[in-house]
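Below is one structure, written out as structure tokens, with a few remarks after it.
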Amino acid sequence: MASVLEKEIKKGIRLHDFYYLGKDLYCEKVRVREIVESVGTPVYIYSHRTIVEHYRKLAKAFRSVRPLICYSMKANSNLAILKSLIAEGAGLDIVSGGELYRALRAGCDPAKIVYAGVGKTKAEIEEAIRAGILLFNVESVPELGAIHRVAQSLKKKVQVSLRVNPGVDPNTHAYIATGKAESKFGLDLDTAHAIFVKREEYPSLSICGIHVHIGSQIVTGEPFIKALRKVLIFIASLEKEGYAIRYLNLGGGLGIIYSDERPQTADEFAKELLPLIGKKKFRLIFEPGRFIVGNGGILVTKVLYVKQTTMKNFAIVDAGMNDLIRPTLYDSHHEIWSLEKDEKKKKWVYDVVGPVCESGDFLARDRHLQEVQAGEPLALLSAGAYGFSMSSNYNARPRAAEVLVKGKEYFVVRKRETYEELIRGERIPSFLQSK
Ligand SMILES: *Cc1c(COP(=O)(O)O)cnc(C)c1O
């Protein structure tokens, strides 16, 4: 049976805390139009409640095993969002020294930070060890050696998890599938086993965890279960050989609603996973990114021109691929809602495109929308994850502002970039300086 939320999503009148009241689009208790009028466009608008609620859903579903939920901050690393989740008890999953810096600035307890990624530099490893993070998720034998050498030079004992690649196809977009055998991520099980056998060669490391992250926007439990089964068999054989496993990190990857997906809920996910895990001794870690913030944000952009050609209607808007690259990078779909819903208006088919000088600069193609006019703002839904965090200054476009809504209030949590900020750090060499 479809839930109330599912029905409302289908009718296009609500997605979590983004909904129509009368004609007007709201985020929590704030009219989106009001934010747009004071902050301008393009602007990312986040619902504090939706974001925190998604964290809580996962924490609640797995409460019987008290997992450590490390929000994968590459999905959206705004300090206000990090702080919102840290306040709920979340740890963070980081993938760079810059993310470590942000995590610490947001006040994250280093003992709740896990660090993944195939290309950690020596400097980044050193910063993370000095900060006292919980675990490195190690992706190759040379990286293991590098972490060991840095740990040794700092006279520290460092915990590591081995990221294994279970060879599972997550049935998602090729660019976000990470657990297939040909992927650059993780270690195959034989290599991982060989590391345990040789663990004495790494006296400064405590190799005590297994990490697996098979991809992103996975909407059914099946790939997770397949991966988990393989990993549990692997762990059982390691334990038989006397290697203690203290952490099992199941990564992220839970899918969300972009158009008509029906992703598994946190409860359904827990119901499938928990029986397999039973009463194991290791601590479970999750690294959800998209699941926490994806449906918690929208991008509002303004229509600059409506251009009709013999083939198409183009709505040319003031946000481009530099603001939201997902449609062109992953062929992803974002629902587009008007700020004022008017059932009486005609519907037309539009390509919604940005101002950037690239044919790939589109936000939606062949989309049925309520007739749009120049000057009108439009909201792109489900833009909270991999939206702002993937944005750039291409075409010398200042990056968008970000706003966090909480109840009746809203807060600018990132100012719109200025032109001056665009050239910050650039230097003119002396031979080019005019006398
Ligand atoms: C990106 C990433 C995540 C988060 O993925 P989502 O699909 O956003 O949940 C988790 N773990 C690792 C190692 C990642 O690279």
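Atoms within a ligand are numbered from 1 in the order they appear, just like the ligands themselves.
Classified by interplanar angle (parallel below 30°, tilted 30° to 60°, perpendicular above 60°), the ring pair Tyr44/Phe388 is perpendicular. Using bins of under 30°, 30° to 60° and over 60° for the plane-to-plane angle, the ring pair Tyr26/Tyr19 lands in the parallel bin.
Ring pair His148/Tyr202: centre-to-centre distance below 6.0 Å. Taking the six-membered ring where the residue is Trp, the centroids of Trp337 and Tyr20 are separated by under 6.0 Å. For Tyr330 and Tyr386, the ring centers are positioned 6.0 Å apart or more.
Here Arg290 has heavy atoms under 4.0 Å from ligand 1 in both its backbone and its side chain. Neither the backbone nor the side chain of Val95 has any atom closer than 4.0 Å to an atom of ligand 1 (non-hydrogen atoms only). Using a 4.0 Å cut-off between heavy atoms, Phe291 makes no contact with ligand 1 at all.
Across Gly289, Ser72, Gly117, Gly186, heavy-atom proximity to atom 3 (C) of ligand 1 is greatest for Ser72.
Heavy-atom distances between Ala75 and ligand 1 stay at or above 4.0 Å for every pair. Look at Ala385 and you'll find every heavy atom at least 4.0 Å from all atoms of ligand 1. Distances from ligand 1 to the non-hydrogen atoms of Phe185 include no value under 4.0 Å.
In the model, His193 has a side-chain atom that pairs as donor or acceptor with a side-chain atom of Glu241 under 3.5 Å.
Near Arg163, meaning under 4.0 Å from one of its heavy atoms, ligand 1 places the atoms 13 (C).
In terms of polar-atom proximity, defined here as any N/O pair under 3.5 Å, Gly253 does make such a contact with ligand 1.
One finds no salt bridge joining Lys122 and Glu126 here, because no Lys/Arg side-chain nitrogen approaches an Asp/Glu carboxylate oxygen to under 4.0 Å. The existence of a salt bridge linking Glu6 and Lys10 is excluded, since no basic side-chain nitrogen approaches an acidic carboxylate oxygen closer than 4.0 Å. We find that Arg56 and Glu53 are joined by a salt bridge, their nearest charged nitrogen and carboxylate oxygen being less than 4.0 Å apart.
When only non-hydrogen protein atoms are considered, atom 8 (O) of ligand 1 lies nearest to Tyr386 OH, 2.6 Å. Ranking the protein heavy atoms by distance from atom 14 (C) of ligand 1 puts Lys74 NZ, 2.8 Å first. The protein heavy-atom contact nearest to atom 10 (C) of ligand 1 is Glu287 O, 3.2 Å. In terms of protein heavy-atom proximity, atom 7 (O) of ligand 1 is closest to Ser216 OG, 2.2 Å.
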